[in-house]
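Please read these numbers as outputs of a predicted model, since none were measured by experiment. Chain letters run A, B, ... following the sequence lines, proteins first, then strands; residues in each count from 1.
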Amino acid sequence: MPIEYTNLEKIRLEKLERLRAQGIDPYPTRAQRTHTSSEAAQIFEKAESEGADTNISVILAGRIRSIRTMGKITFAHIEDGDGKIQLFFRANDIGEEALAFFNKEFDLGDFIQANGELFRTKTGELTLRVSAYRLLAKAITPLPADKEEEVDGKIVRHTSLSDPEMRYRQRYADLAINPQVRQIFRTRAAVVRALREFLDRNGFLEVETPILQPIYGGAAARPFTTYHNQLKQNLFLRISFELYLKRLLVGNIERVYEIGRDFRNEGVDRTHNPEFTQLEFYMAYADYEKVMTFTEDMVVYTADQVLGKRTITYQNHELNLQPPWRRLELHQGILDVTGIDINACPTAESLAAAMQAKGIQVEPQATRGKLIDGLLGDYLCPTLIQPTFVYNYPRDISPLAKSKPENPSIVERFEGYIAGMEMCNAFTELNDPQDQEARFLEMGRDYDADDEERHPMDEDYLRAMRYGMPPNGGFGMGIDRLTMLFTNCPNIREVILFPHLREQDAEA
RNA sequence: GGGUGCGUAGCUCAAUGGUAGAGCAGUGGCCUUUUAAGCCAUUGGUUCAGGGUUCGAGCCCCUGCGCACUCACCA
């Protein structure tokens, strides 16, 4: 199908053709730049403060973001990776012809290279007095009109690209005109860098494990399925890294982590994207108590590195990450918010009855664990604004976690909540192969043979465990959600460059 | 999957069932240190798609598509 150009694009295509007719390549192969905008500002201000010669020649390059023509002079702002800087074109400097050429053929969005000397205008703005310029890349499609002014030091946006659908579908345009969006992804990168640093310094080995897996596991989620043609093999996109990383503990790698993508074939909402970035680590000889304090240290380290402080403003909340975080036993937390004592309800039937007595709707065939999980999600979660570890979970919703020695129906598991969001999930890992096999079998009984959530038995994982797995603590955390906290974003899509969107109907 | 809302110019948005408009961007003109530069003139529309009601639909009805919020689902 041929491209249908808008009127605005057709005008720019005409400019492009005129350039070519004059022998000017609108997309030259080489570019030159001596300074970025902020580097230029630095050397100029340094010269100013030292009383040195400020007639500094530089070559700048960037995208044209504004043009103001005033007869025989023209002002423009270009934006590069560091920021914006003003260009000043004057007929006296470059000749009337070169000025007219710029005014006629250059548009907002074009990339330009400009030589000249730095100076300050009457209003004090650092500016490049252009002596020569060159087109680096012509923009055919206009970026959304976008103007801003400074009022009392605050940037006021007048119009901008704000439709979320277009922002996500055309993230390049969003990034090009919304600097605060670029900042989100710098922060995201800084978060990942800090986590890596922290784990590396603590003796962890970073690894990569299969994304395409013949058997999926390690979490309760529906997988995406795919197929290898030559091997004639069904494969799943991983839903967690857990079972592979723990095999590495069997292989005498005592501290191991992976940062990567998980895929879950489930609902999409403000805290769920079908593919998301997960950090998992496993630490030999640690239990969940130790993992809790380690988690606090890791998150605080990240906050120190990325934000330089340990308090976060998130939506309407002031969050304090300073350890120790609140520790709340799941049983106590549910009792506090619902008045239901889950310990007094040892069966699904008795718990369902207690819930119904409180006017809580109960899904008919839910297991006791699922009922408890429901109470946690619906009633306890929303109250957990400041960082809180909820600990000690029912065994039947935690098949990979180790039971408490004194109470086999409870496992040593915790989840970390901040701002009502589940941030992480961790436990003292089960390392008894016979218990693990029993758990897999137990879990299998809760599902019909064709239930999509039914998990296949991972025999190889059991075999690995039979070779001996050191006692260890394991941990998983959603990097996207952590980034939401650090960037004050209410929606996971804001922190994912290309979030999943429904396919637009391609020629129905 | 359910509910609610939204979809109009390149962007942001208006428009009692009665001639589809504004700001920015664009185009032409004036203007040699501007700051959302200003002034004058001007171009630009399959009103998401398809059906229906009506003398007449951007607006009312139906279907579909997409997005947002929300509920459900999500060890």
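- A distance of about 15 Å separates the C1' atoms of B:G45 and B:G7, rounded to the whole Å.
- Using Watson-Crick or G-U wobble geometry with both donor-acceptor distances under 3.5 Å, B:A57 finds no partner in any strand shown.
- Straight-line distance between the C1' atoms of B:A15 and B:G21: roughly 7 Å, to the nearest whole Å.
- Looking only at distances, a side-chain donor or acceptor of A:D80 sits under 3.5 Å from a matching main-chain atom of A:S37.
- Using the six-membered ring where Trp is involved, A:Y133 and A:F102 have ring planes that are perpendicular, over 60° apart on the 30 and 60° scheme.
- Where A:A91 and A:D378 each meet RNA chain B at their nearest nucleotide, the meeting point lying more 5' is that of A:A91.
- Comparing B:C24 with B:G64, their C1' atoms sit 34 Å apart, to the nearest whole Å.
- Within the nucleic acid shown, A:E9 has no heavy atom closer than 4.0 Å to any nucleic acid atom.
- In this structure, A:N7 places its CG atom 11 Å from C1' of B:U27, rounding to the nearest Å.
- Side-chain contact between A:R120 and A:F44 is present, with at least one heavy-atom pair separated by less than 4.5 Å.
- When both pairing distances are held under 3.5 Å, B:U42 makes a Watson-Crick or G-U pair with B:G26.
- Comparing B:C67, B:G28, B:C73 against the side chain of A:K104 picks out B:G28 as the nearest.
- A:I11 comes within 4.0 angstrom of the backbone, heavy atoms only, and of no base.
- For the pairing with A:F389, the ring-ring contact (aromatic ring centres under 6.0 Å, His included) check across A:F414, A:F427, A:F475, A:Y288 returns one residue only, A:F414.
- With rounding to whole Å, A:H77 atom NE2 is found 13 Å from B:U34 atom P.
- Separation of the C1' atoms belonging to B:G26 and B:C65 is 31 Å when rounded to the nearest angstrom.
- Nucleic acid contact for A:Y393: none, since no nucleic acid atom lies under 4.0 Å from a heavy atom of the residue.
- Counting non-hydrogen atoms under 4.0 angstrom, A:L501 reaches the backbone sugars and phosphates but no base.
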Side-chain donor-acceptor pairs of residues 343-352 of chain A under 3.5 Å, sequence neighbours excluded:
| unit_1 | atom_1 | unit_2 | atom_2 | d |
| --- | --- | --- | --- | --- |
| A:T347 | OG1 | A:S350 | N | 3.0 |
| A:T347 | OG1 | A:S350 | OG | 2.9 |
| A:S350 | OG | A:T347 | N | 3.2 |
| A:S350 | OG | A:T347 | O | 3.0 |

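- Listed nucleotides: B:U34, B:C74, B:U32. Nearest to the side chain of A:H272: B:C74.
- In this structure, A:S398 reaches neither bases nor backbone, as no heavy-atom distance under 4.0 Å exists between it and the strands shown.
- Nucleotides B:A25 and B:U12, compared at atom C1', are 11 Å apart to the nearest Å.
- Between A:P164 and A:F75, the residue anchored closer to the 5' end of RNA chain B is A:F75, taking for each the nucleotide with the nearest heavy atom.
- The side chain to side chain donor-acceptor pair (under 3.5 Å) check on A:Q332 picks up A:D336, with sequence neighbours excluded.
- Between B:C67, B:C11, B:U35, one nucleotide has an atom nearer to the side chain of A:E125 than all others, and that is B:U35.
- Going from atom CG of A:D174 over to atom P of B:C11 covers 14 Å, rounded to whole Å.
- A donor and an acceptor atom never sit less than 3.5 Å apart when one is taken from the side chain of A:R68 and the other from the base of B:U33.
- Remark: the A:R395 side chain and the A:S409 side chain contain no N/O donor-acceptor pair separated by less than 3.5 Å.
- Other residues, nucleotides and ligands contribute only 12 or fewer heavy atoms inside 6.0 Å of the CG atom of A:N316.
- Under a cut-off of 6.0 angstrom, the local environment of CD in A:E97 is sparse, with at most 12 non-hydrogen atoms contributed by other residues, nucleotides or ligands.
- The side chain of A:L161 approaches B:C11 more closely than any other nucleotide in the set B:G10, B:C74, B:C11.
- Taking only side-chain nitrogens and oxygens, A:K72 never comes nearer than 4.0 Å to OP1 or OP2 of B:C30.
- Contact annotation: A:R502 side-chain N/O to B:C67 OP1/OP2 distance is under 4.0 Å.
- Which of B:U32, B:C13, B:G28 sits closest to the side chain of A:N92 comes down to B:U32.
- Pairing for B:U19 is absent, judged as Watson-Crick or G-U wobble with the two contacts each under 3.5 Å.
- Distances shown here put a side-chain N or O of A:K15 below 4.0 Å from the OP1 or OP2 atom of B:U27.
- A straight line from CG of A:D163 to C1' of B:G5 spans 14 Å, rounded to a whole angstrom.
- A:N491 comes within 4.0 angstrom of the backbone, heavy atoms only, and of no base.
- Atom pair A:M166:CE and B:C13:P shows a separation of 11 Å (rounding to whole Å applied).
- When the C1' atom of B:U27 is taken as reference, atom NZ of A:K10 falls 15 Å away, rounded to whole Å.
- Among the protein residues, A:R129 comes within range of the nucleic acid bases, having at least one heavy atom under 4.0 Å from a base atom.
- Of the listed nucleotides (B:U35, B:C31, B:U12), B:C31 has the atom at the smallest distance from the side chain of A:M70.
- With B:G26, B:A75, B:U35 as the candidates, the nucleotide lying closest to the side chain of A:I397 is B:A75.
- Taking only side-chain atoms of A:T123, from C-beta outward, the nucleotide of B:U34, B:U33, B:U12 with the closest atom is B:U34.
- Using a 4.0 Å heavy-atom cutoff across all strands shown, A:T69 reaches at least one base atom of the nucleic acid.
- Here the side chain of A:R413 is nearest to one of B:U33, B:A68, B:A75, namely B:A75.
- When the C1' atom is compared between B:G44 and B:U34, the two are found 28 Å apart, to the nearest whole Å.
- The partner of B:C69, taking Watson-Crick or G-U wobble pairs whose two distances both stay under 3.5 Å, is B:G3.
- Per the geometry, CD belonging to A:E415 stands 13 Å off C1' belonging to B:C74, to the nearest Å.
- At the heavy-atom level, A:P399 lies under 4.0 Å from base atoms of the strands shown.
- For A:T121 against B:U35, a side-chain-to-base donor-acceptor contact under 3.5 Å is present.
- Looking at the side chain of A:K122, the nearest of the listed nucleotides B:U33, B:U27, B:A68 is B:U33.
- With both ends at atom P, the span from B:G56 to B:A14 equals 29 Å, rounded to whole Å.
- In this structure, CD of A:Q278 is placed 19 Å from P of B:C74, rounded to the nearest angstrom.
- Going from the C1' atom of B:A57 to that of B:U16 covers 13 Å, rounded to whole Å.
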